[in-house]
Amino acid sequence: MAATTVTPAVPRPAAAGPAGADSVAVPLALPLPVLHSTVLGWYEANARDLPWRTPEATPWAVMVSEFMLQQTPVKRVLPAWAAWLERWPTPADLAAEAPGEAVRMWGRLGYPRRALRLHAAAVAITEEHGGGVPDDHATLLSLPGVGEYTAAAVASFAFRQRHVVLDTNVRRVFARAVTGVEYPAQATTAAERRTATALLPADAETAATWAVAVMELGALVCTARGPECGDCPLFTACVWQRAGCPPYEGPARRGQSYEGTDRQVRGKLLAVLRAEHGTVEQARLDAVWPDPVQRARALDGLVADGLVEPVEQGVYRLPQ
DNA sequence: CAAGCGTGGTC
DNA sequence: TGACCAAGCTT
């Protein structure tokens, strides 16, 4: 079958060259409609049964899931998400509480600044947007803790709109299937965005399902390590596969050291504060880490971030 | 824009 | 076992 050339949905300015000169050649050996039906069919048969994907899931429930899923695996999010929504079924419910309660409820999901930002987003929704999660991308993007990905995800998944949803899974699927490399670059490029735009179904409802379907393919089959190419619906079309699965070439991908870092100390300090419902004396915090310099730096950082509130000299608590 | 930000699991 | 990974955001 001949390779299909896909023209971007949003053409570049004419000044960039003759018409079509800047079109994105997508050497996927599949016509676009076949690509769509292949991935959508795979999704229908293989999608996980996740609670935030059910018709009963409110936009707020979808938004909470997106915050929690930022860098945290689905398995750990599932129970936390259910407990969160049980306690705070609407943005107003969360906004009515102290930010420290959000931090406490966040538990051990990691990156607790997300809890603070989710609380701040709930306050903004309640005070500035009539209590309902905004349905347009730009307004979503203006909320604390909502970046390009999360705004597109909420608009797409909760409101069934047509958006390019580029997360780490989608980027990896396109890197392999379309570009023919094992891993995408560290930062999202304009070329990636053009490719994703070119492949997005025209119909909004279809595009919304397409977005979650490609993500799911990346999460379940086209994984970072040990992809199950034998189970992949794009096996025969995949450019990386056709090239013989060449290994990643490029700069070493950044590792996340943790042992001995300020992050580890912050985690230990905050764990003490989370477990204590009142105030905490300095001595209890001093017990979590031997180095007083690093300990002080970590605590200062938590205070600067608003995750910890100094009450008086040597006494701290979660923010009220 | 590269670096910083938690926590747990995997190979 | 240490490096890498997990639906990113902010500065």
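We name chains A, B, ... by the order of the sequence lines, and we start the count at 1 in each one.
Summarising the geometry, the separation between OH on A:Tyr111 and P on C:dA7 is reported as 13 Å, rounded to the nearest angstrom. Rounding to whole angstrom units, CD of residue A:Gln71 and P of C:dC4 are separated by 15 Å. In this structure, the CZ atom of A:Arg76 is 14 Å from the P atom of C:dA6, given to the nearest Å. Atom CG of A:Asp305 is separated from atom P of C:dC9 by 17 Å (rounded to the nearest Å). C:dG2 atom C1' lies 14 Å from atom CD of A:Gln264, rounded to whole Å. A:Phe67 places its CZ atom 19 Å from the P atom of B:dT7, with the value rounded to the nearest Å. One interatomic measurement links the two molecules: CD of A:Gln186 to C1' of B:dC1, which rounds to 11 Å at whole-angstrom precision. Atom CZ of A:Arg263 and atom P of B:dA3 are 13 Å apart (whole Å).
Rounded to whole Å, the P atom of B:dG8 lies 23 Å from the corresponding atom of C:dC9. Rounded to a whole angstrom, the distance from the P atom of C:dT11 to that of C:dA7 is 24 Å. Spacing between B:dC1 and C:dA6 at atom C1', rounded to whole Å, works out to 23 Å. On the P atoms, C:dT1 is 27 Å away from B:dG6, given to the nearest whole Å.
Among the nucleotides B:dT7, C:dG8, B:dC5, the one closest to the side chain of A:Arg108 is B:dT7. Relative to the side chain of A:Arg225, the nucleotides B:dG6, C:dC9, B:dT10 differ in distance, and B:dT10 lies closest. Minimum atom distance to the side chain of A:Gln70 is reached by C:dC9, of the listed C:dC5, C:dC9, B:dG6. Checking B:dG6, C:dC5, C:dC9 against the side-chain heavy atoms of A:Ala224 singles out C:dC5 as nearest. The A:Asp262 side chain lies nearest to B:dC5 when the options are B:dC5, C:dA7, C:dG8.
If you check every strand for non-hydrogen atoms under 4.0 Å, A:Trp52 touches a base. Base contact: A:Arg53 has a heavy atom under 4.0 Å from a base atom. Residue contacts for A:Leu269: at a heavy-atom cut-off of 4.0 Å it reaches no nucleic acid atom on any strand shown. Here A:Thr150 lies in heavy-atom contact (under 4.0 Å) with sugar-phosphate atoms only. Within the 4.0 angstrom heavy-atom criterion, base atoms lie near A:Leu109. Within the nucleic acid shown, A:Arg297 has no heavy atom closer than 4.0 Å to any nucleic acid atom.
Each of A:Leu35, A:Leu28, A:Val221 was scored for a side chain to side chain contact (heavy atoms under 4.5 Å, CB included) with A:Leu234, with one residue passing: A:Leu35.
In terms of position on DNA chain C, the residue among A:Gly147 and A:Pro73 whose nearest nucleotide sits closer to the 5' end is A:Pro73.
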Please evaluate residues A:Asp93 and A:Arg87 with respect to the criterion salt bridge (Lys or Arg N to Asp or Glu O under 4.0 Å), reporting the C-alpha separation (whole Å), side-chain torsions for both, the decisive distance (0.1 Å), and the verdict. CA-CA 8 Å; A:Asp93 295 322; A:Arg87 180 168 176 185; over 6 Å; no
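No close placement of the A:Trp60 and A:Trp88 rings is indicated, their centers lying 6.0 Å or farther apart.
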